[in-house]
Amino acid sequence: PLKLNKLNEVQASEAEMKLLYTTSKLGTGKRMYQTKSFSSHKACRIPFCGFYNERKVALFNPVLPILAEEQVIMEAINENPIVIICGETGSGKTTQVPQFLYEAGYSSSAGAIGITEPRRVAAVSMSQRVAKEMNLSKRVVSYQIRYEGNVTDETQIKFMTDGVLLKEIQKDFLLSKYKVVIIDEAHERSMYTDILIGLLSRIVPLREKKGLPLKLIIMSATLRVEDFTDNNKLFSVTPPVIQVDARQFPVTVHFNKKTPLDDYSGECFRKVCKIHRMLPSGGILVFLTGQAEVHSLCRRLRKAFPFQKNNTAESVEEMRKFKKSRKQKKVMALPKIDLDNYSVVPVDEGDEDRDAETDDDMAGSDIDLDLGDGDSEEDEKSDSSLPLYVLPLYSLLAPEKQAKVFRPPPPGTRLCVVATNVAETSLTIPGIKYVVDCGKVKKRFYDKITGVSSFRITWISQASANQRAGRAGRTEPGHCYRLYSSAVFMDFEKFSAPEITKRPVEDLILQMKALNIEKVINFPFPTPPPTEALAAAEELLIALGALKEPPMTGRLKQQLAAKLSCPISPLGRIMATFPVAPRYAKMLALSRQHDCLPYTITIVSAMTVRELFEELDRPAVSEEETAELKGKKARFLQIQRIWAGQGSMQKLGDLMVMLGAVGACEYAGCTRKFCEENGLRYKAMLEIRRLRGQLTTAVNSVCTDAGLYVDPKMKPPTEAQATYLRQIVLAGLGDHVARRVQAEELLDDKWKNAYKTALLDDPVFIHPSSVLFKQLPEFVVYQEIVETTKLYMKGVSAVEPEWIPALLPPYCHFGKPLENPPPSYCPETGRVRCHRPSVFYRVSWQLPAVEVDYPEGIDRYKYFARFLLEGQIIKKLKSYSQYLLSSPLIMLKTWSKLQPRTEALLQALVAENCDNRDALLAAWKKNPKYLLAAYRQWIPEAMHDDLAQKWPPIAQ
DNA sequence: GAGCACTGC
């Protein structure tokens, strides 16, 4: 394998290698390793072989430019605690850098190399690939993802998802198991990688202090690393940046001259038709924004180029040549392309928008493939002589259908994949030579204050456009057709905003508080979330009881500051151990009662996994399919009505349907067949099964005596349990309560059947897919609100108004305690109880009076004194109650101050903050004579000696 | 009376 057939190039490379060792100061004083390495799409080139004869597999794959950089990279790592490596997809950094480190002795079984990936598949497949390349066992090169892993005590290289490492930091803040941590794909700026980088910026110096240095390597596919390098709060010493070239084939980018105003789907169709009719073989990948668009374009393309199984295996090439000669006249409006002479310039294209990124190497060696962007009257008439093998691709598509895009298309056909953004990063399709990019993406937006989400189609970023274009150059030089002008492209954002700035952060804040990071605002985020988002998160966590509420004293400014730096509560610590959203973690924490845990675990799992039910509203490929889909839809709706249960169970609403669906599916063994027959997404059900397992383990380790297990034959809940479940759900979704607009409040027709929420001025509605759509209960809680044509609540359950003040005191403003029913003493809690009316926060809905602890204040002491005198609180005092010199009831009279004994008792209680039993017992522990003098005034003198002997009146 | 891109613990 060491034979070199292109020696001259290797020598040139050696010369280049010298450059690699010189570091140069760049403008801002940043240290940057300037590297210029091979432009590298040609096969059979072996870079600087002498070095690499140990890495056999790498040798057979001789075009990885990163191999030439080993020395630079290792030198930088040796000299710096933190290094940033930039290299685009195809540079081989993910597979090679761990190997460099391993061979340089950076790992042992006592200190491993950890690599984080943003996706599970990547963690698993990279571990397998590196194990194979290094000829090492899986016991040494392993992976760990949410539900599974093959890590052993021999593991030295560990690939994992970013969330896994974050959880590990919770258990071992210094990450003492690792000698090196590599954060891969940092350019994607996923929420967890951002947090990891922030945490590691502190862990690295801490490890240094301990004399056990940890190396941090941040790997990014783009050069956008200023958020890491220009951020003094993050890294006090700017880490060096090493740039590595990629082994990508050149992709010629063609911009449209005009940007279609809205019909980008139609423009996609026309572009694909032209490519297919006129350009040499090679797969086409189209980027669109959603399932519906994907399906309708697939349908149009299949109609235009019907694909029949009985087509002969004649090459598409032959077919096209034939068609060309026949159709020459018709396509005159289009650029002329002579396939034998690769030199014809398109007739109607100016220079301005052409060949924006032509690679020097390829100039002249490739045909000019600009197609122009005018509306040609290309008919949609069926053309079966040019079979096009059209496949849809999106994330929610069944995996077996997704898998089709990875197999070679039937002989004599051209592959055309119509995809959403999955194809940009998550999935790589082989054999793509042409990319058609509509320039748009569908994104979820959250309202920072109300949490309402909506989906909007926006322009992509320049980085994203380049990533899409790169998909055409994986196996040979390719072409990317952008359906927008270069001027529009120049107006794109350079990069899309990091996820952490766009999403609610309550889960993240809880995780950070569990790491005892109280002042979240001071955390070295690479890019901080907006302050509103931090405040909203803190507020929610306080209401859930996960954080200790700040004292409501001091100045407003201090209060606000305190609100943003609350410490975690014991409940919060438990919640943080459950790997689900805080609202759901609260539900789990409450469910110990009435054997509800298995049900809550199931409901929480189902709410966490997205899209349980098969989507049937998509456009069909044919008329028959339309009918078929309609039939299926009706049947599945029926089944869901059955899952919704009987009687009062139905009030659990959509969550009951989820519970029923999971229960039925597991009972049937969770087979693909069952899912298909009942409108369930198989992949979703598998994920729920695994999540139930994980949550069951998590709950068991918190309550060691629960003895929970995942029961595949779980019985439906009883009606009573279903009622408890509604209360549990309410307790977690306190900020997601909605009340039906009353008939008398109906001012406007737009409020018909509408609900009002605390935070929104506009009406919200139960989503038509909800089983409670027609029931319209007075009070509901919802999982989320999505704005489409209206504001729709999804995942709806009915709740009873009297539960709200009882379960959600933080969301209620309470009025004065009622005289009737009168306040009472609660022997269980040792506290004074009373009934209080209340209103719901911000909207002031009247809520039924409920029994709660008597509010703090002098009246609570008065009631406590009364119950004490009556002998309700301390059993040993009961015997004196009949000899009392005044009635205990006078404690509560307005004129009670006129009696010295009432004042004495009250002052004694207040002095020691004794307005509940526990405080009283504690006071006696501190001072056994406490309260004796005050109490003595209430009984005849004859009994005073007896009393003194028995004091304190508690069991010894 | 409906239409949601993508992903991690």
Side-chain angles (χ1 to χ4, degrees), chain A residues 116-123 144-149 160-171 185 188-196 287-296 393-397 419-427 438 440-446 453-458 460 464 496 499-500 502-503 507-508 510-511 514 575-582 584-585 605 608-613 615-619 629 633 637 681 687 690-691 694-695 697-698 752-753 765-770 773-774 784-794:
Chain A
T116 70
E117 295 291 332
R119 279 168 292 279
R120 291 181 198 157
V121 269
Q144 178 70 51
I145 59 173
R146 182 164 192 162
Y147 305 110
E148 61 184 63
M160 66 201 121
T161 34
D162 43 18
V164 168
L165 190 65
L166 192 59
K167 279 276 157 186
E168 287 187 16
I169 291 180
Q170 258 178 42
K171 286 177 209 134
E185 314 282 7
E188 285 189 24
R189 302 299 304 275
S190 82
M191 201 159 76
Y192 287 152
T193 46
D194 267 23
I195 293 307
L196 281 175
F287 283 100
L288 279 176
T289 68
Q291 279 186 44
E293 277 173 17
V294 165
H295 278 287
S296 69
L393 181 69
Y394 46 86
S395 169
L396 288 175
L397 191 69
T420 62
N421 231 17
V422 256
E424 190 181 301
T425 46
S426 303
L427 296 171
C438 75
K440 306 271 179 145
V441 68
K442 193 179 318 197
K443 271 190 186 159
R444 187 173 189 146
F445 286 81
Y446 295 89
S453 54
S454 58
F455 289 85
R456 286 182 226 157
I457 294 171
T458 65
I460 56 175
S464 195
S496 23
E499 190 190 9
I500 199 168
K502 290 275 157 193
R503 271 189 34 166
D507 47 350
L508 204 72
L510 181 60
Q511 295 304 314
M575 285 167 58
T577 65
F578 300 138
V580 287
Y584 302 159
S605 302
T608 300
V609 173
R610 61 183 189 136
E611 303 295 324
L612 259 58
F613 303 105
E615 182 57 65
L616 294 170
D617 287 329
R618 59 179 168 76
L629 285 175
K633 220 170 120 179
L637 265 177
R681 257 184 68 235
E687 181 81 9
R690 300 205 279 182
L691 187 51
Q694 194 189 27
L695 293 180
T697 313
K752 198 178 163 226
N753 293 336
F765 298 86
I766 296 182
H767 193 270
S769 67
S770 168
F773 178 61
K774 287 192 176 139
E784 58 169 355
I785 294 181
V786 179
E787 181 173 14
T788 52
T789 51
K790 289 176 178 175
L791 293 165
Y792 281 112
M793 297 182 277
K794 296 186 156 187

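Lettering follows sequence order; numbering is per chain, from 1.
Nearer the 5' end of DNA chain B, as judged by each residue's closest nucleotide, is the contact made by Lys442(A), out of Glu499(A) and Lys442(A). Residue whose closest nucleotide on DNA chain B sits further toward the 5' end, between Leu396(A) and Pro579(A): Leu396(A).
Under 4.0 angstrom from either OP1 or OP2 of dC9(B) there lies no side-chain N or O belonging to Lys167(A). Note on Gln694(A): every side-chain N or O is 4.0 Å or more away from OP1 and OP2 of dC9(B). Checking the phosphate oxygens (OP1, OP2) of dA2(B), no side-chain nitrogen or oxygen of Thr788(A) falls inside 4.0 Å. Contact annotation: Arg456(A) does not reach the phosphate of dC4(B) (side-chain N/O to OP1 or OP2, under 4.0 Å). Contact annotation: Tyr792(A) side-chain N/O to dA2(B) OP1/OP2 distance is under 4.0 Å. Under 4.0 angstrom from either OP1 or OP2 of dG3(B) there lies no side-chain N or O belonging to His295(A).
At a threshold of 4.0 angstrom between heavy atoms, the contacts of Ser395(A) are confined to the sugar-phosphate backbone, with no base atom among them. When heavy atoms are screened at a 4.0 angstrom cut-off, Val164(A) is found touching the sugar-phosphate backbone but no base atom. Nucleic acid contact for Thr193(A): none, since no nucleic acid atom lies under 4.0 Å from a heavy atom of the residue. Lys794(A) comes within 4.0 angstrom of a base, heavy atoms only. As judged by a 4.0 angstrom heavy-atom cut-off over every strand, Glu784(A) is placed among the base-contacting residues. Backbone-only contact: Thr420(A) has heavy atoms under 4.0 Å from sugar-phosphate atoms and none from a base. Among the atoms of the strands shown, none is found under 4.0 Å from any heavy atom of Glu424(A). As judged by a 4.0 angstrom heavy-atom cut-off over every strand, Ile457(A) is placed among residues making no nucleic acid contact. Using a 4.0 Å heavy-atom distance criterion, Gln511(A) is classed as making no nucleic acid contact. Counting non-hydrogen atoms under 4.0 angstrom, Arg119(A) reaches the backbone sugars and phosphates but no base.
For the pair Phe445(A) CZ and dC4(B) P, the computed distance is 14 Å after rounding to whole Å. Distance Leu791(A) CG to dA2(B) P: 13 Å, rounded to the nearest Å. Rounded to an integer number of Å, the gap from Tyr147(A) OH to dG8(B) P is 10 Å. As rounded to whole Å, 10 Å separates atom C1' of dT7(B) from atom CE of Met191(A). Protein atom CZ of Phe773(A) is 5 Å distant from nucleotide atom P of dG1(B), rounded to whole Å. Rounded to an integer number of Å, the gap from Ile785(A) CD1 to dA2(B) C1' is 16 Å. Atom pair Glu687(A):CD and dC6(B):C1' shows a separation of 14 Å (rounding to whole Å applied). For the pair Lys790(A) NZ and dG1(B) P, the interatomic distance rounds to 6 Å; values are reported in whole Å.
Here Arg119(A) pairs with Glu188(A) in a salt bridge; the nearest charged N to carboxylate O distance falls below 4.0 Å.
For Thr161(A), the side-chain atoms get nearest to dC9(B) when compared with the rest of dC9(B), dT7(B), dC4(B). Nearest nucleotide to the side chain of Arg120(A), out of dA2(B), dC9(B), dA5(B): dC9(B). Comparing dC9(B), dA5(B), dT7(B) by their closest approach to the side chain of Gln291(A) singles out dA5(B). The side chain of Tyr192(A) sits closest to dG8(B) out of dC4(B), dC6(B), dG8(B).
No side-chain heavy atom of Leu637(A) sits less than 4.5 Å from a side-chain heavy atom of Ser769(A). Considering only heavy atoms from C-beta on, Leu396(A) comes within 4.5 Å of Arg610(A) through its side chain.
In this structure, Ala122(A) and Glu117(A) approach most closely via the heavy-atom pair CB-OE1, 3.9 Å.
In terms of modelled atom types and a separation under 3.5 Å, the side chain of Arg456(A) and the main chain of Phe445(A) share no donor-acceptor contact. Within the 3.5 Å criterion, the main-chain N or O of Ser190(A) finds no donor-acceptor partner in the side chain of Glu499(A).
Atom NZ of Lys167(A) has more than 12 heavy atoms from other residues, nucleotides or ligands within 6.0 Å.
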